[in-house]
Chemist: 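Structure below; questions to follow.
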Amino acid sequence: MTGRTPARFTAADYRARMERAVRAAADAGLAGLLVAPGPDLVWLTGYAPPAVTERLTLLVLTPDRDPVLVVPALEAPDAAEAVGAPALTLRDWTDGKDPYAATAALLDTGKRFGVSDNAWALHLLRLQRAVPDSSYASLTEALPMLRAVKDAAELELMAAAGAAADATYEEIRKVPFAGRRESEVGADLADLLRRFGHSQVDFTIVASGPNGANPHHEVGDRVIEHGDMIVLDFGGLKDGYGSDTSRTVHVGEPTDEERRVHDLVREAQEAGFRAVRPGVACQEIDRAARAVIADAGYGEYFIHRTGHGIGVTTHEPPYMIEGEEQPLVPGMCFSVEPGVYLPGRFGVRIEDIVTVTEDGGRRLNDTTREMVMVD
Ligand code: ZN
Ligand code: ZN
Ligand code: ZN
């Protein structure tokens with residue numbers, strides 16, 4: 001985890017987020033939230049410890065007292081500099097003391113708490129022993145929409161991350177593909193993302209020819225050949241907010257079938273995007289994109305959900321998947337990324353991040369979705 005949330009957020013922003021989190025927890029029947037270092041802690045406080053160690057760092061949010069950050073004494077000066085620190089009480093502990101007992105003193109017994117997904121089992125098990133009859137729920141399962149709706153400043157950062165990913169695509173189109181390994185093009189993508197301001201690169205997928213038919217393929221040693229379709233899918237964090245875009249390019253002139261499948265995925269992506277508006281269930285985005293592909297007879301080759309949320313991480317709720325009835329709310333950001341994967345042959349995926357507006361959707365990626373021919 002790198003990339004502190006930039007200083008454009010104020011302590012008041014973080015205070016408001018923590019208050020909102022406490023209210024949401026109470027609505028979900030939780031007596032409080034316990035937040036370990038990771039994306040939730042960054043989002044709630046602006047604090048990311050320089051390294052995550054076995055020493056307990058834990059944000060304790062309960063309705064009856066101000067937020068408390070339990071932090072190792074040697075890291076307290078760093079925590080005190082976090083933008084959200086004025087909205088917190090820091091409770092530092094020194095080696096040899098029991099931070100679990102100190103944390104337990106902040107919590108009622110016999111209650112249920114939400115715990116950030118990335119909390120270490122080591123810490124949670126010790127805490128469970130220190131707080132009699134306590135039980136715990138995954139924060140993401142209990143409050144999946146906590147970070148989903150972005151405010152204006154967050155949307156600006158999301159748009160900037162999207163623009164940086166788009167700039168990366170415009171540059172990668174110019175590099176030679178044929179005769180180079182996927183891993184070399186992947187390294188180019190990572191360099192470009194950093195050059196355009198990303199502090200963290202989460203993935204650089206270069207899936208050429210038959211590798212494109214495997215949506216999980218990242219990069220390999222395969223040497224790209226003339227005639228290959230190539231799925232490019234890349235993203236990471238810029239100023240603490242995520243990018244994630246896919247385009248499928250072709251080395252030289254495509255065949256009619258390659259063109260047809262690419263057009264189909266482009267239509268499906270467009271249909272998914274057009275379905276975005278407030279109040280529509282997430283599953284409707286999946287259905288809209290999937291119907292286009294199914295109607296053309298390729299339904300069995302679209303083998304993943306249509307999209308996922310994005311924010312301070314590159315994969316998070318809400319998910320655009322059949323069965324997800326969560327209605328869309330202005331400010332939500334997520335991918336619309338249908339694909340067709342023909343085993344042993346090639347794949348096509350087209351992906352934009354989309355944000356929900358008052359009357360529809362707005363793409364945060366806007367490079368051409370037409371098939372681009374590369375060298
Ligand atoms: Zn081809
Ligand atoms: Zn992607
Ligand atoms: Zn994605």
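Atoms within each ligand, like the ligands themselves, are counted from 1 in listed order. These numbers were taken from a predicted model, which means no experiment stands behind them.
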Chemist: Tally of protein N/O/S atoms under 2.8 Å from the Zn ion (ligand 2)?
Modeler: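 Of the protein's nitrogen, oxygen and sulfur atoms, 4 lie under 2.8 Å from the Zn ion (ligand 2).
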Chemist: Within the distance-only criterion (no hydrogens, no angle test), does the side chain of D133 pair as donor or acceptor with the backbone N or O of T109 below 3.5 angstrom?
Modeler: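 Such a contact is absent between D133 side chain and T109 backbone.
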Chemist: Check whether any N, O or S atom of V251, backbone or side chain, sits closer than 2.8 Å to the Zn ion (ligand 1).
Modeler: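 Looking at V251, which is the residue asked about, there is no N, O or S atom under 2.8 Å from the Zn ion (ligand 1).
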Chemist: Any N/O/S atom from H315 (main chain or side chain) under 2.8 Å of the Zn ion (ligand 3)?
Modeler: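 No - counting backbone and side chain alike, H315 has no N, O or S atom under 2.8 Å.
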Chemist: Is it the case that more than 12 heavy atoms not belonging to R180 sit under 6.0 Å from its CZ atom?
Modeler: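 Yes, the 6.0 Å shell around CZ holds more than 12 heavy atoms from other groups.
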Chemist: Are R129 and Y100 in a cation-pi setup, meaning NZ or CZ lies under 6.0 angstrom from the ring centre and within 45 degrees of the ring axis?
Modeler: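 No, R129 and Y100 do not form such a contact.
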Chemist: Return yes if a side-chain donor-acceptor contact under 3.5 Å exists between D202 and H315, otherwise no.
Modeler: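 No, because no side-chain N or O of D202 sits under 3.5 Å from a partner of the opposite role on H315.
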Chemist: Please tell me whether S135 and R112 have a donor and an acceptor in their side chains that are separated by less than 3.5 angstrom.
Modeler: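 The answer is yes; a qualifying pair exists.
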Chemist: Would E258 count as a contact for the Zn ion (ligand 1), in the sense that one of its N, O or S atoms lies under 2.8 Å from it?
Modeler: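 A backbone or side-chain N, O or S atom of E258 is under 2.8 Å from the Zn ion (ligand 1).
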Chemist: Could you list the donor-acceptor pairs under 3.5 angstrom formed by side chains in residues 82-97, with sequence neighbours left out?
Modeler:
from : atom 1 : to  : atom 2 : distance (Å)
W93  : NE1    : L56 : O      : 2.9
D95  : OD1    : R55 : NE     : 2.9
D95  : OD2    : R55 : NH2    : 2.9

Chemist: Salt bridge check, R259 against E253: does any charged N sit closer than 4.0 Å to a carboxylate O?
Modeler: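 Yes, E253 and R259 are salt-bridged.
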